[in-house]
Amino acid sequence: MKFPGQRKSKHYFPVNRRDPLLAQLTQQPQAVSSYVCGIDQTLVDIEAKVEDELLARYSLPKGNSTLIDDQKAHELYHELKDKTLISDEFAGGTIGNTVHNYSILADDRSVLFGVMSQHIMVGSYAYRYLCNTSSKVDLNYLQPVDGPIGRCFTLISANGERTFAISKGSMDELTAEYIDKDVVQNSAALVLTAYLMRASDGDGMTSAAMQAIAYAKEADVPVVLTLGTRFLIQEDPTWWQKFIKQHVTILAMNEDEGEALTSFADPLLASEAALEWCDMVLTTAGPIGLYTAGYVDDSAKRETSHPLLPGAVPEFNRYEFSRPMNKADCDNPIKVYAHISPYMGGPELIRNTNGAGDGALSALLHDLSANVFHKTNVPGSSKHKRDGLCYSSFSQICKYANRVAYEVLAQHSPRLSRALPEREDSLEESYWER
């Protein structure tokens, strides 16, 4: 487990650093690792620049998202390939991106549940998916299927407008039997996306996700839900509110999804409203930056040394130096909020907005998993006198999530190819010490 964030860590890590004299007299146990697991619709993102004539020929409304069958997807892919129109092919999927980025950041294991074509040819969609997934992501629990995984075509017109064609293939055929109970219950968190709850009749994805949630709740493993798209949430926000209240510990969303869920356009108010149904919220708000919100016990609150910020909730960041806690673990819970503007003002050139939220969530998961790691290996630490949901403060999690989101925005792929630099040349040393 690599310690999350860029800051002084000598007081906390590595956990096996002891008095050198005592180390010679006593045998130190091997550090027990922690990991996160997630369920995803395994798919490949295929990006190509096309003419409007091709969109019309395949009956794809310009600027919209359309479901297509396997045969049409096969024909479209081969035409794009033959005409060398494809610019990029990436492993995709919200949770696939998140656990991959988690493993890159933590330099440690994560587990992915989903499906994978049992017959894989070099150059196929499944081959692309495996090639673009970190070797630290454990894919041994994928369910083999006789068919292709999902494909999402991003077709870019001359004016830059994007048209999406989605072929789900066999990506929703995961069954509950392939959810390993021990893996879920020994993990630091179970990560899901709202898309899993809307599988078609006959597909097992929704029942598999609900089985994983049941395993996680039985062992008090945090359930993390990312909303995915506002269009799915606005169909029935009341249903989602009840679902979150019943099953979810941490909620991740952007400002549009937050508005669809809570009816508040202000991301701070949307975060506050969502705290009525879960214990912690991560809200990304594009050029505004991102927010974290959650609970801390009144006796454990820590006041910020940063300037107090105005907003819909006055001076909302007053206790941002507090560590997130489950509301149920608080004797007198109070709501805590933190905000950060885009890192370095955002990249000079934004190459990709797809996946920035997934990157921010992977940073939060890294911090959560590090808390489990440290609690397991250094149980006597003063850090764990009160049960914290995460290792770091709301403020520090904001910084870390913000930095990872920047890295994704500045590259073309939604998946990190390397961890964050050990030292930031563009920052003064005091940035991470504040």
Note to self: Please give me the minimum heavy-atom distance between Asn101 and Pro414, naming the atom from each residue.
What the structure shows: ND2-O, 3.5 Å

Margin query: Under 6.0 Å from the ring centre and within 45 degrees of the ring axis: does the NZ or CZ of Arg109 meet both conditions for the six-membered ring of Phe373?
Written below: no

Check: Looking at Tyr58, does the NZ or CZ of Lys72 lie under 6.0 angstrom from its six-membered ring centre and within 45 degrees of the ring axis?
Finding: no

Checklist line | Listed once per pair and sorted, the ring pair (Phe, Tyr, Trp, His ring centres under 6.0 Å) pairs that draw on residues 223-256, sequence neighbours left out | finding: Trp239-Phe243, Trp240-Phe243, Phe243-His247

Margin query: If you define the side chain from C-beta out and look only at heavy atoms, does anything of Glu272 sit under 4.5 Å from Tyr337?
Written below: yes

Next item on the list: Only pairs at least two apart or in different chains count here, so list each salt bridge (Lys or Arg N to Asp or Glu O under 4.0 Å) that has a residue in residues 243-264.
Entry: Arg230-Asp256

Next item on the list: Taking all heavy atoms of Ser34 and all of Asp108, pick out the closest pair and write down the distance.
Entry: O-OD2, 4.1 Å

Check: Are Arg386 and Asp329 close enough, and set up right, to give a salt bridge (Lys or Arg N to Asp or Glu O under 4.0 Å), and what steps lead you there?
Finding: CA-CA 9 Å; Arg386 301 297 298 263; Asp329 294 331; over 6 Å; no

Note to self: Suppose we screen for salt bridge (charged side-chain N to carboxylate O under 4.0 Å, His left out). Which residues come up paired with Glu407, at least two apart in sequence or across chains?
What the structure shows: Arg403, Arg418

Margin query: Using only atom types and a distance under 3.5 Å, with no angle test, would you say the side chain of Arg323 pairs donor to acceptor with the backbone of Leu389?
Written below: no

Check: Got a sec, which pairs hit salt bridge (Lys or Arg N to Asp or Glu O under 4.0 Å) with one end in residues 203-218, sequence neighbours left out?
Finding: Lys168-Asp203, Lys181-Glu218

Checklist line | salt bridge (Lys or Arg N to Asp or Glu O under 4.0 Å) contacts touching residues 84-93 (sequence neighbours left out) | finding: Lys81-Glu89, Glu89-Arg128

Item checked: Qualifying residues under side-chain contact (heavy atoms from CB on, under 4.5 Å), relative to Ser207, sequence neighbours excluded -> none

